[in-house]
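Notes follow the structure.
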Amino acid sequence: MKTPREDTARTRGKLLAAAGEIFAEKGFRETTIAEISLKAGTNIAAVNYHFGSKESLYSEAWRHAFAQSMEAHPPDGFVAADAPPEERLRGQVTALLHRISDPNNREFRIIQREFSNPTGLLSEVMRAEIRRLQQRTEKLVRELLGPQATEQEVQFCEVGVISQCINPIVIGSRRDPGKENSEGPRRIDDIEAYARHVVTFSLAGIAAVRAAAETNRDRRKAKAPRQGGRPLDAGSNSA
């Protein structure tokens, strides 16, 4: 026999699952509490009891969907933390691509709806959760670039890696699979092959940025005055 606490948790979970599915399909403004309650098999009062408002349910449904997504596709891609950085980049890229292309991923679909019709209701929760993923990638990119890299170089490289993953999936999701031969951007169907390409392409770019940064560092050192002395004046006597 279920306890009242178990019943409460079960009802809350059903509401989160139903809300995540409908918000992902229709967006915040086009979704009603009545729809969510019907799909969850509860009444409207249950939403108010567990979440207080549609706005609160929206942010909690996204957070719930995000947690499920992270569980299904861990951000490390099952690569060990002590693996070489190139291998860890492969794990991160592969995990991200599988996560955002997963048809069961509701958090990414909700984000797409939010971007196309902003409400501002997810700004804080998304910033808190997604920033941790960005920091993970930034740390890895900084390791690959070396200590001489500037923060701007780290940022640009991190954005470059993530953009290669997200942009094709977002664009491809808007295409009709039956019109693959028509003009327009191609769909990415082989995720593993594309992940290998992104890693190869990104590592080459990062290596080029690192080499340029090291060259600039060496030039600055060559131009710096030698320690323990200073250039002699043209008219001074060295004797």
Side-chain angles (χ1 to χ4, degrees), residues 24 65-116 126-127 129-177 179-214:
F66 182 80
Q68 288 184 317
S69 183
M70 289 295 98
E71 183 177 357
H73 305 287
D76 61 7
F78 300 102
V79 174
D82 59 352
E86 295 82 2
E87 189 67 12
R88 282 181 276 134
L89 181 64
R90 180 197 60 77
Q92 287 191 23
V93 166
T94 304
L96 175 58
L97 283 166
H98 277 296
R99 180 177 129 237
I100 62 180
S101 62
D102 186 344
N104 296 318
N105 182 332
R106 294 168 182 165
E107 55 102 358
F108 192 67
R109 287 161 57 204
I110 291 173
I111 289 176
Q112 289 182 271
R113 294 284 183 185
E114 180 67 19
F115 284 163
S116 63
M126 284 173 55
R127 186 180 301 114
E129 299 293 349
I130 294 178
R131 180 57 186 153
R132 283 197 284 268
L133 296 180
Q134 290 177 326
Q135 289 173 333
R136 172 189 288 269
T137 307
E138 285 175 2
K139 181 179 179 181
L140 179 52
V141 167
R142 186 175 286 107
E143 182 179 352
L144 288 164
L145 283 173
Q148 70 283 340
T150 65
E151 287 303 309
Q152 185 182 71
E153 288 168 336
V154 172
Q155 180 187 8
F156 285 178
C157 287
E158 185 267 337
V159 169
V161 173
I162 300 303
S163 296
Q164 289 180 81
C165 297
I166 293 179
N167 290 346
I169 303 300
V170 172
I171 294 172
S173 68
R174 298 172 182 170
R175 282 180 59 90
D176 183 346
K179 298 181 179 180
E180 186 61 33
N181 293 327
S182 62
E183 294 182 1
R186 297 178 179 272
R187 292 174 60 90
I188 301 298
D189 295 317
D190 191 337
I191 296 298
E192 293 291 337
Y194 184 64
R196 290 192 295 271
H197 165 79
V198 171
V199 172
T200 300
F201 194 84
S202 298
L203 287 175
I206 289 172
V209 173
R210 176 168 183 156
E214 290 175 346

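For clarity, every value in this text was computed on a predicted model and none was experimentally measured. Starting from 1, each residue takes its place in the sequence as its number.
- The stretch residues 77-98 participates, sequence neighbours left out, in these salt bridge (Lys or Arg N to Asp or Glu O under 4.0 Å) pairs: Glu87-Arg90, Arg88-Glu143.
- A distance of 9.5 Å separates CD of Gln134 from CD of Gln155, quoted to the nearest 0.5 Å.
- Glu158 and Thr137 get closest at one heavy-atom pair: CG-CG2, 3.8 Å.
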*Run the numbers on Glu214 and Arg210 for side-chain contact (heavy atoms from CB on, under 4.5 Å), then give the verdict.*
CA-CA 6 Å; Glu214 290 175 346; Arg210 176 168 183 156; 3.1 Å; yes
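- Closest heavy-atom contact between Leu89 and Ser202: CD2-CB, 4.4 Å.
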*Could you walk me through whether Ile162 and Val141 pass the side-chain contact (heavy atoms from CB on, under 4.5 Å) check?*
CA-CA 11 Å; Ile162 300 303; Val141 167; over 6 Å; no
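- For the pair Leu203 and Val199, the minimum side-chain heavy-atom distance is below 4.5 Å.
- Sparse packing is recorded around CD of Glu71, with 12 or fewer heavy atoms of other residues, nucleotides or ligands lying under 6.0 Å away.
- To the nearest 0.5 Å, atom CG of residue Leu140 and atom CG of residue Leu145 are 9.5 Å apart.
- The structure places OG1 of Thr150 at 8.0 Å from CZ of Phe156, a figure rounded to the nearest 0.5 Å.
- From Gln92, atom CD reaches atom CG of Leu133 across 8.5 Å, with rounding to the nearest 0.5 Å.
- Closest of all the heavy-atom pairs between Ile206 and Cys157 is CG1-SG, 4.2 Å.
- The closest side-chain heavy-atom distance from Glu138 to Arg131 is below 4.5 Å.
- At a threshold of 4.5 Å between non-hydrogen side-chain atoms, the residues Ser69 and Asp102 do not count as touching.
- For the pair Pro168 and Tyr194, the minimum side-chain heavy-atom distance is below 4.5 Å.
- With rounding to the nearest 0.5 Å, the separation of CD1 in Ile111 from CZ in Phe66 is 8.0 Å.
- When every heavy atom of Pro74 is checked against every heavy atom of Ala95, the shortest pair comes out as O-CB, 3.2 Å.
- With a 4.5 Å cut-off on side-chain heavy atoms, His197 and Ile188 do not count as touching.
- In this structure the side chain of Val93 never reaches within 4.5 angstrom of the side chain of Gln164, judged on heavy atoms.
- In this structure the side chain of Gln68 never reaches within 4.5 angstrom of the side chain of Glu107, judged on heavy atoms.
- The shortest heavy-atom contact between Arg109 and Pro103 is NH1-O, 3.6 Å.
- In this structure, CZ in Arg99 is found 10.5 Å from SG in Cys165, a value given to the nearest 0.5 Å.
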